[in-house]
J.: 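Take a look at this one; I'll ask things after.
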Amino acid sequence: MVSNKLVAALTAYSAVAAAVPVASQTKGFSLVQEAIPKSSYRAPAAHLAKALTKFGAPVPAHVAAAAASTGSVTTNPSDGDEEYVTKVTVGDSTLNLDFDTGSADLWAFSADTPSSERSGHNYYKPSDSATKVSGASWDISYGDGSSASGSVYKDTVTVGGVTFDAQAVEAASSVSSEFTQDTSIDGLLGLAFSSINTVSPTPQKTFFDNVKSSLDKPLFVAILKHDTAGSYDFGFTDDSKYSGDIAYTDVDSSQGFWSFTADSYSIDGQDAGSSIDGIADTGTTLVLLDDDVVEAYYETIDSAQYDDSQGGYVFDCDADVPDFAITVGDYTATIPGDYINFASAGSSTCYGGIQSNSGIGFSIFGDVFLKSQYVVFDASGPQIGFAAQ
Ligand SMILES: CNCc1ccc(Oc2cccnc2)o1
């Protein structure tokens, strides 16, 4: 049943985005119009769908489809929060991809991957409407030494209900042993800036770059969790998924990363008084910091030591592991000590979730940090926002 209020609302939504002043005794009036910035533009049907929903009327499927400019997809941690696995439809295949804000290639195991290297994996099969990108190739290496390479197709990709029908899909012809052995994932979906896409001779756009102008807002949110399902949300922020306010800070995308400056950091609540430049990287498991910060952190744990055989700092599993926090503006983003007691390293020894960045010149805020926060990756700016989950 359509109520009078609904009619009024529909009328209001159909008006141009400017108030029409009430006619007065004067001989005329002028109308000050303000262009709607493209980034805040919403599909007209979105306003209709919102009005119908607001007044309890059903939203016809064709209106809902035209209005759909947001999406949400579940992401699940692999054992021990090693990586986060998200289902994506790529061509005719449903693949488990690792969404990676630290790289910009969407690639997958494919029919071109030698069967000996792809056992235990789902793989990409180009759809009937797929086209091969003539003369294009890709070759990528990651911080953990893993790598992959191959050829390129354009195909339809759907993430959480958001579809792009000409997405560059990088089909692997070769993958390193780390990927062959990691049967939790069938490839990666890059969410860094397209400037670091590895396709040659013509770099390709990421999925987010391709869809961002059609989203209600040009942003996506990573809601990663410890040992339970989280989500990647596209085009909207959801205040039921975080507490307090979102603290935003500028992103320097000049190196292709979501790079930001944390104003300060604290160990066990003791402010160290210096800033940290780092990247938000959902594809990296741990938090990788400058050596002086790492040493200061593990000095607070009596049993902590650097173990060459483990390639990092370890400590007694029953140790009291302190929190590590960074500040962004007046917001303090805290990694609980429990998250830094990351994994067993044999007998009663455990491996730290904070390790050295090996002197690469910037820090990497990987999943150990990100899973403690609600993180908004906003292309307008660009900027990054943090809130407590
Ligand atoms: C676990 N190694 C295979 C693997 C899974 C995801 C990735 O990719 C990475 C690795 C490190 C940093 N960023 C992305 O490699």
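Numbering starts at 1 and runs along the sequence shown. Just follow the structure's listing: the first ligand is 1, and inside any ligand the first atom is 1.
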J.: Which residues, ordered by chain and number, are linked to Ile140 in its hydrophobic cluster, where ILVMFWY side chains connect at heavy-atom gaps below 4.5 Å, directly or through other members?
T.: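 Its cluster partners, ordered by chain and number, are Val85, Trp107, Phe109, Tyr123, Val133, Trp138, Tyr142, Val152, Val175, Phe179, Ile185, Leu188, Val199.
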J.: Test of understanding: with ring-ring contact (aromatic ring centres under 6.0 Å, His included), list the residues that count as partners of Phe236, not counting sequence neighbours.
T.: none
J.: Same cluster or not: Leu191 versus Val211, using hydrophobic residues (I, L, V, M, F, W, Y) connected whenever any side-chain heavy atoms lie under 4.5 Å apart?
T.: yes
J.: Would you mind listing each N/O atom of ligand 1 next to any protein N/O under 3.5 Å, plus the distance?
T.:
from	atom 1	to	atom 2	distance (Å)
ligand 1	2 (N)	Asp144	OD2	2.9
ligand 1	13 (N)	Gly283	O	3.3
ligand 1	15 (O)	Asp144	OD2	3.4
ligand 1	15 (O)	Ser146	OG	3.3

J.: Taking side chain to side chain donor-acceptor pair (under 3.5 Å) as the cut-off, I'd like each qualifying pair that reaches into residues 291-303, sequence neighbours left out, listed once.
T.: Asp291-Ser356
J.: Looking only at non-hydrogen atoms, find the nearest pair between Ile340 and Phe324 and report the distance.
T.: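 Heavy-atom minimum between the residues: CD1-CB, 3.9 Å.
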J.: Among Ile354, Ile326, Asn357, find the one that has a side-chain contact (heavy atoms from CB on, under 4.5 Å) with Leu289.
T.: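 Answer after filtering Ile354, Ile326, Asn357: Ile354.
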